[in-house]
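One structure is given here, and the rest of the page talks about it.
Lettering follows sequence order; numbering is per chain, from 1.
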There are 2 protein chains.
Amino acid sequence: MRLGSRSYSEGHLYRARFAVPLDDHPLIVKLSTFMKLTARDLESLEHIFEAEKPVKKGKDLVVDGKEYRNLGFVKDGYALRYKLLRNGKRQILNVLLPGDAIGFPVSFFERSTYSVVALTELKLNICSIDAYVGLCFERPQFGLALSWLAVKEAAIYAERIVDIGRRTPVERLVHFLLELHSRLLTVGLAEKNSFRLPISQEVIADSLGLSVPHLNRVMQHLRKESLISNNARVVEFFDIPALQTLAHYEPLVFAQIPLPMSGRA
Amino acid sequence: MRLGSRSYSEGHLYRARFAVPLDDHPLIVKLSTFMKLTARDLESLEHIFEAEKPVKKGKDLVVDGKEYRNLGFVKDGYALRYKLLRNGKRQILNVLLPGDAIGFPVSFFERSTYSVVALTELKLNICSIDAYVGLCFERPQFGLALSWLAVKEAAIYAERIVDIGRRTPVERLVHFLLELHSRLLTVGLAEKNSFRLPISQEVIADSLGLSVPHLNRVMQHLRKESLISNNARVVEFFDIPALQTLAHYEPLVFAQIPLPMSGRA
DNA sequence: GCCGCTCATTGATCTGGATTAATAAATGCG
DNA sequence: CGCATTTATTAATCCAGATCAATGAGCGGC
């Protein structure tokens, strides 16, 4: 058995020979926002993951139409979940940040209807769905944690629907930027009023259902209004409350998983 | 303790005095599409639900900005999850069908950012998040089941994003109708080529980010092309393969939860 | 069977944002 | 450092779909 692989049989213990250290993993930071993770929790989690996997920029991680049956979590770097249409248009569902899962929603269906591509160099931690399910039978809180993550993903999509369906392009863009900022803050990758935005305007346009020229104009408009600046792929907010109002933005605050107090945890 | 209520303490058994029969519940039908439910599973589930609750048409079930901490599942009837914007526009996220959960994604956050309203008379089965979490510690497969349901919700949203962002109005409408048909088929509420569609054109327009007049025209177009008919709120498909091609529709097939074989189940 | 309401349909006008095309700037790379 | 490729910006045209405004049609209630 090579380093990082695992055995899993009949719902009992499955242990990698070597644990993969996860303690400073953005996934752990994220999970900690809605549940208490004990040392034992962490240890269990570390044993179902394979060794950290480096991925080259531009690599296809999930291909539309293919099967994918893993939960991969981004340790470092950025990726895109998107769909390419027959007419050549592209709709981006989500920009995947450190701590985000590769396998939504593909791993839960027979085959994918979306693709995922690495936008930058990536470090990934991967475990199979089988291993994760096994873990859930040992430590049920992880089944719930997965639900929480899936719901958060749904909530992000929901905002995008509202953005694209009924908000003006300015509102859309601001909302999008505020959301990215908030998500990066969660995993400690943003400043209070700014963050690195390693994505082109084309990506933003394809996220928001706009054309690139129009997105560019909206961007300029925001700069002219002195609401944001963006140089060298760094976005700075000059007046967050004003932006939040403009975009009807409401921060999403996770409720805690109401874990039982008993020795079960 | 009144009928249907439950006790729940310290992560141990929580039992309603009387089980609420769920065996023909559309939720159970849905769950069965991706996991094997044993008699014991069903029994456990029946004990955390309150008695079936009738709801009047037009009743607000979840209000934007308020807290909601239950998992309610529709037994019968239809509901809408939507967001009302300051400018008076409305974006509908999802039409809730029998078997669908009321509490996505609201129950997992401090407070709701969406509203849910009963579109018709409704029958609901409700349990608290706390009770459900308790159940998951007894029977971890339900934590996973919840993940599967949440992911499905996300997948529906994802399709809506692609619809609104990059598909033409005709494609959008056809996609939307095919999806509803498929979801209703799953819970046994549609015919092979037709289904009751108890929603107004305004609802469809607000789901697809279109204006009502335009939606109406698109509808007429499809009728003129003899692709669908809709009289008296019944939609009939005349050529499903052609419609699927037209809309780039790909059915979503759940992967099974890889439950362990052992006595744990 | 009449009333009132909701919902579907139609038409006329107007505009936001797409499309297309070209150029400039930036970035990475050999 | 200069070249190549990607990315940002600008401008001109055009049309899909919004908006606004009526009119019909269906339906439940009494």
| task | Nearest whole angstrom, please: distance from the P of D:dA8 to the NZ of A:K224. | result | 17 Å
| request: Take the protein atom CD of A:Q201 and the nucleotide atom P of D:dA8, then report the distance between them rounded to whole Å. | output: 5 Å
| Atom pair distance, as rounded to whole Å: CZ in B:R172 and C1' in D:dA16 | 11 Å
| Within the structure, does a side-chain N or O atom of B:Q220 lie under 4.0 Å from either OP1 or OP2 of C:dT10? | yes
| C:dT6 P sits how many Å from B:I199 CD1, rounded? | 18 Å
| said: OP1 or OP2 of C:dT9 versus the side-chain N and O atoms of B:R223: is any pair under 4.0 Å? | reply: yes
| A:H214 NE2 - D:dA12 C1' separation (whole Å) | 16 Å
| task | Taking A:R81 for its side chain and A:F104 for its backbone only, find out whether a donor-acceptor pair lies under 3.5 Å. | result | yes
| message | Is it true that, when you exclude A:R111 itself, more than 12 heavy atoms of the residues, nucleotides or ligands shown sit nearer than 6.0 Å to its CZ? | response | no
| A:N87 CG to C:dA18 C1', straight-line distance once rounded to whole Å | 13 Å
| Atom-to-atom span, CG of A:L215 to P of D:dT9 - whole angstrom | 10 Å
| Selection from D:dA11, C:dG11, D:dA8 that lies nearest to any side-chain heavy atom of A:S200 | D:dA8
| message | Closest-nucleotide mapping onto DNA chain C: is A:K89 or B:P213 further toward the 5' terminus? I mean the 5' end. | response | B:P213
| message | Any salt bridge linking A:K59 with A:E121? Criterion: basic side-chain nitrogen under 4.0 Å from a carboxylate oxygen. | response | no
| note | Checking C:dA18, C:dA12, D:dA11 against the side chain of B:R217 (C-beta onward), the nearest is C:dA12
| request: Please report, rounded to the nearest Å, how far the P atom of D:dG17 is from the CZ atom of A:R166. | output: 13 Å
| Taking only side-chain nitrogens and oxygens of A:N216, does any of them come within less than 4.0 Å of OP1 or OP2 of D:dA8? | no
| Does B:F237 have its ring centroid less than 6.0 Å away from the ring centroid of B:H181? | yes
| query | Considering only heavy atoms and no angle criterion, is a donor-acceptor pair shorter than 3.5 Å present between the side chain of A:R233 and the base of C:dA26? | reply | no
| field | side-chain N/O A:K57 vs C:dG28 OP1/OP2, d < 4.0 Å | value | no
| remark: Paired with A:P169, the side-chain contact (heavy atoms from CB on, under 4.5 Å) test is passed by just one of A:L210, A:L208, A:V174, A:I164, namely A:L210
